[in-house]
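To keep things clear, I will list the structure first and then write my remarks on it.
For the numbers below, each heavy atom of this structure counts, side chains included, while hydrogens, waters and symmetry mates do not. Proteins get letters first, then strands, A, B, ... in listed order; numbering begins at 1 in each.
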There are 2 protein chains.
Amino acid sequence: MPSNVEQDSITADDVAELAGVSRWTVSRAFKKDASISAKSRKKVLEAATELGYAPDLLAASLASDKSNLVALLVDDFANPHKLVMMERLTRILRKNGWDTLLVNTLDENDASAALMNASQRRVDAAVLIGVNFNDQELAAALGARRVKKLIVFARSSENPDTISICCDDRSAMAEITGHVIRKGYRRPLFLAGPQTQSAHLMRKETFVRLWHEANGDRPDFISVGSYDPALAYQAVADRLRNSTADARPDVVVCENDALAMGAVDAIRYELGLKVPQDIAVTGFDDVPQAASPHYLLTTYRQPISAMAEGLVQVLKGESDTTDLCRFSGQLIIRDSA
Amino acid sequence: MPSNVEQDSITADDVAELAGVSRWTVSRAFKKDASISAKSRKKVLEAATELGYAPDLLAASLASDKSNLVALLVDDFANPHKLVMMERLTRILRKNGWDTLLVNTLDENDASAALMNASQRRVDAAVLIGVNFNDQELAAALGARRVKKLIVFARSSENPDTISICCDDRSAMAEITGHVIRKGYRRPLFLAGPQTQSAHLMRKETFVRLWHEANGDRPDFISVGSYDPALAYQAVADRLRNSTADARPDVVVCENDALAMGAVDAIRYELGLKVPQDIAVTGFDDVPQAASPHYLLTTYRQPISAMAEGLVQVLKGESDTTDLCRFSGQLIIRDSA
DNA sequence: TTTTTTGTTGCACGCGTGTGCAAACGTTGC
DNA sequence: GCAACGTTTGCACACGCGTGCAACAAAAAA
């Protein structure tokens with residue numbers, strides 16, 4: 001009965017006493033590759049199990065200056081692909097010993113406040129998987145030693161101080177462009193996301209350039225303020241509502257699936273046209289919904305898991321950081337184009 | 001040039017020296033409602049700004065036994081509603097001073113390992129927004145003082161030790177049921193999610209009961225292993241593929257939108273039938289996609305933001321914990337039923 | 001002016017762990 | 001049996017800040 005007497009959290013000292021060793025030996029027992037005999041470790045671990053002890057990660061972080069914490073900054077919750085990325089990243093990070101701090105930067109136009117916040121938790125790295133990140137501010141944050149490592153995930157960055165882990169956008173768009181050309185489409189419209197950020201995706205530019213090289217003309221494009229299917233829907237509807245059949249595009253190439261889904265819906269429900277017969281659509285990311293019979297998007301699947309493993313390498317400091325922007329994914333051809 | 005000399009992180013001591021006060025006064029300057037004169041606080045804050053100082057939350061947590069950290073346990077990343085919940089929760093928590101630890105429990109069939117993990121970070125609370133949570137294990141985790149507070153969000157729990165913040169499922173389903181009945185549907189099929197958890201939603205039971213009270217018969221139902229549109233698609237397709245027109249249901253009442261979207265797609269693309277003319281569909285959650293012209297789901301919107309504010313009250317300890325399961329949302333009537 | 005009250009500040013101690021070093025231990029080879 | 005070596009263990013110190021209390025100053029009351 002009195003066994004449960006307001007027992008303050010058990011510490012390594014308690015385990016040490018029970019195991020008959022010093023507190024530091026307890027510490028070693030929980031550390032891989034530590035200098036400790038198998039016998040001692042076994043004793044300690046048994047005592048720890050008996051007491052229900054687990055090392056305090058806060059104290060460990062404070063003492064070691066290594067938190068095993070990664071901040072994930074997200075500002076783009078309308079894009080279903082974020083759910084996929086979060087799932088993969090948290091899973092793979094956790095498997096490798098890192099916990100994830102999810103930071104919503106939706107309300108600030110800069111990520112610096114969020115970075116500051118993360119730095120106060122001594123995160124080992126901040127991973128950006130959003131849109132509204134200003135390279136200058138990021139650099140400033142890094143310069144002030146706010147965070148040890150700044151990683152831009154699934155997006156390239158021109159900033160030399162930030163590490164970027166992403167697909168080779170050029171070859172990815174080349175695959176899409178090639179497919180669009182092979183399919184015989186002649187009047188593409190590019191649907192892009194936010195254009196104001198210095199770290200924005202280069203897919204539009206790449207597509208325009210590749211198309212120009214192949215066909216001589218420069219495709220038209222429109223852009224929306226965020227990767228939100230609803231915004232894409234409006235933009236496409238507004239753009240195409242009054243265009244005649246022979247003036248309208250025959251394919252809408254979208255920066256990602258979030259936009260592509262809005263585009264498909266607009267074409268179908270706002271314009272009453274068929275995809276792909278009247279207007280084809282391509283996406284990027286291969287979100288789960290893209291495979292639904294309703295969309296059947298032709299899209300490009302990034303190797304998120306491999307990229308996440310690359311992130312782990314970076315965190316471990318075992319990375320050359322050179323090939324991190326050369327991941328290559330896979331063109332997924334479905335019915336939409 | 002030598003200004004950037006390997007400057008180890010500035011601490012409160014540095015600020016204290018520059019401001020000409022003691023370290024503890026610095027500490028007070030950053031604490032609301034602390035006993036400190038306006039003059040001192042100003043001096044300290046200016047010095048802090050000049051040095052770029054920000055309190056170390058790790059050390060603060062260790063010293064105060066309050067981390068301002070909340071663990072968010074998620075095991076259900078196929079459900080787009082999770083994205084909404086994460087956005088709202090992180091936003092509102094952050095606004096109130098809490099950071100969010102995102103824990104993916106997808107790989108374990110129990111949440112206890114994740115809870116253990118969170119407890120090692122001394123989280124102030126663990127918030128569950130998933131499915132596969134076993135009440136017994138949760139209770140055990142609580143009993144072992146693993147986490148201070150265990151909160152089940154948007155889901156009711158029978159466990160007396162866990163705090164549940166959710167809609168009044170009974171009245172919510174009553175609204176949906178009423179709508180379905182008023183619309184004149186006669187042969188409902190309930191599409192439910194996982195049924196094995198002790199903390200699962202009571203929507204199926206509630207619907208069946210209410211329908212039985214009103215019509216005398218007990219509706220049929222099927223269930224799928226997770227809230228995944230693709231699984232719902234398969235389940236509905238398999239169930240209805242060989243049923244004759246007069247034997248098939250005229251409305252599919254779904255436990256949430258994730259399932260409803262799969263149901264709509266199956267009805268349209270697998271069975272070639274029309275929604276709602278041949279078979280109507282209702283959902284729950286009002287995910288963003290539910291409003292798209294493709295689905296136009298009749299559904300029920302939970303007051304997520306208000307519930308998140310309720311969570312903040314719980315964290316602050318300012319809650320009666322009685323009305324936390326009595327939030328009421330709003331029936332959203334669209335074309336699908 | 002003296003006393004009381006109120007407001008403000010400084011300090012010893014603790015939070016639970018990691019690091020680097022030195023001492024103790026055990027082993028091998030001659 | 002001794003030296004030399006590798007392995008294992010203990011320890012002082014540090015990590016950066018909060019709590020509670022005591023000391024202090026300033027303002028209000030006597």
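Between B:Asp13 atom CG and D:dC15 atom P there is a gap of 10 Å when expressed in whole angstrom units. A straight line from CG of B:Leu57 to P of D:dC17 spans 10 Å, rounded to a whole angstrom. Distance CZ (A:Arg23) to C1' (D:dC11): 9 Å, rounded to an integer number of Å. In this structure, A:Ile10 atom CD1 and C:dC15 atom P are separated by 14 Å, rounded to whole Å. In this entry the distance linking CZ of A:Arg121 with P of D:dG16 reads 17 Å, nearest Å. The CG-P distance, from A:Asp65 to D:dC13, rounds to 21 Å in whole Å. For B:Lys66 and C:dG16, the NZ to C1' distance is 19 Å, given to the nearest whole Å. One can place CG of A:Asp14 at 11 Å from P of C:dC15, the figure rounded to the nearest angstrom.
Among the atoms of the strands shown, only primed sugar atoms or phosphate atoms (P, OP1, OP2) are found under 4.0 Å from some heavy atom of B:Arg122. Within 4.0 Å (heavy atoms only), A:Phe30 reaches no atom of the nucleic acid at all.
Between B:Arg122 atom CZ and B:Leu62 atom CG the span is 5.5 Å, to the nearest 0.5 Å.
A residue-by-residue look at B:Leu62 and B:Gly20 shows that B:Gly20 has its nearest nucleotide of DNA chain C further toward the 5' end.
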Side chain to side chain contact (heavy atoms under 4.5 Å, CB included) between A:Asp99 and A:Leu93, intermediate numbers included:
CA-CA 7 Å; A:Asp99 284 331; A:Leu93 284 174; over 6 Å; no
Using side chain to side chain contact (heavy atoms under 4.5 Å, CB included), reason through B:Lys82 and B:Phe77 one step at a time and then give a plain yes or no.
CA-CA 7 Å; B:Lys82 287 298 180 290; B:Phe77 286 85; 5.9 Å; no
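The B:Trp24 side chain lies nearest to C:dC11 when the options are C:dC11, C:dT17, D:dC17. If you check D:dG16, C:dG10, C:dG16 against the side chain of A:Ala63, the one that comes closest is C:dG16. Looking at the side chain of A:Ile36, the nearest of the listed nucleotides C:dT19, C:dT17, D:dT9 is D:dT9.
Side-chain atoms of B:Arg28 come within donor-acceptor range of the base of C:dG10, with a qualifying N/O pair under 3.5 Å.
Taking the six-membered ring where the residue is Trp, the centroids of B:Tyr53 and B:Phe30 are separated by under 6.0 Å.
The two residues B:Lys148 and B:Val123 have their closest heavy-atom pair at CE-O, 3.9 Å. Annotation for B:Asp124 and B:Asn68: closest pair OD2-N, 2.7 Å, computed over non-hydrogen atoms.
In secondary-structure terms, DNA chain D builds stems of at least 3 consecutive Watson-Crick or G-U pairs, each pair having both distances under 3.5 Å, at C:4-30 with D:1-27.
Heavy atoms of other residues, nucleotides or ligands lying less than 6.0 angstrom from NZ of B:Lys42 number 12 at most.
Look at A:Ser37 and you'll find a side-chain N or O under 4.0 angstrom from OP1 or OP2 of D:dT9. Taking 4.0 angstrom as the limit, B:Thr11 places none of its side-chain polar atoms (N or O) nearer than this to OP1 or OP2 of D:dG16. OP1 or OP2 of D:dT19 has at least one side-chain nitrogen or oxygen of B:Lys31 nearer than 4.0 Å. At D:dT8, none of the side-chain N or O atoms of A:Thr25 fall inside 4.0 Å of OP1 or OP2 (strictly under the cut-off). Note on A:Ser61: every side-chain N or O is 4.0 Å or more away from OP1 and OP2 of D:dC15.
Using modelled atom types, one finds a donor on one side chain and an acceptor on the other under 3.5 Å when comparing B:Asn104 with A:Glu87.
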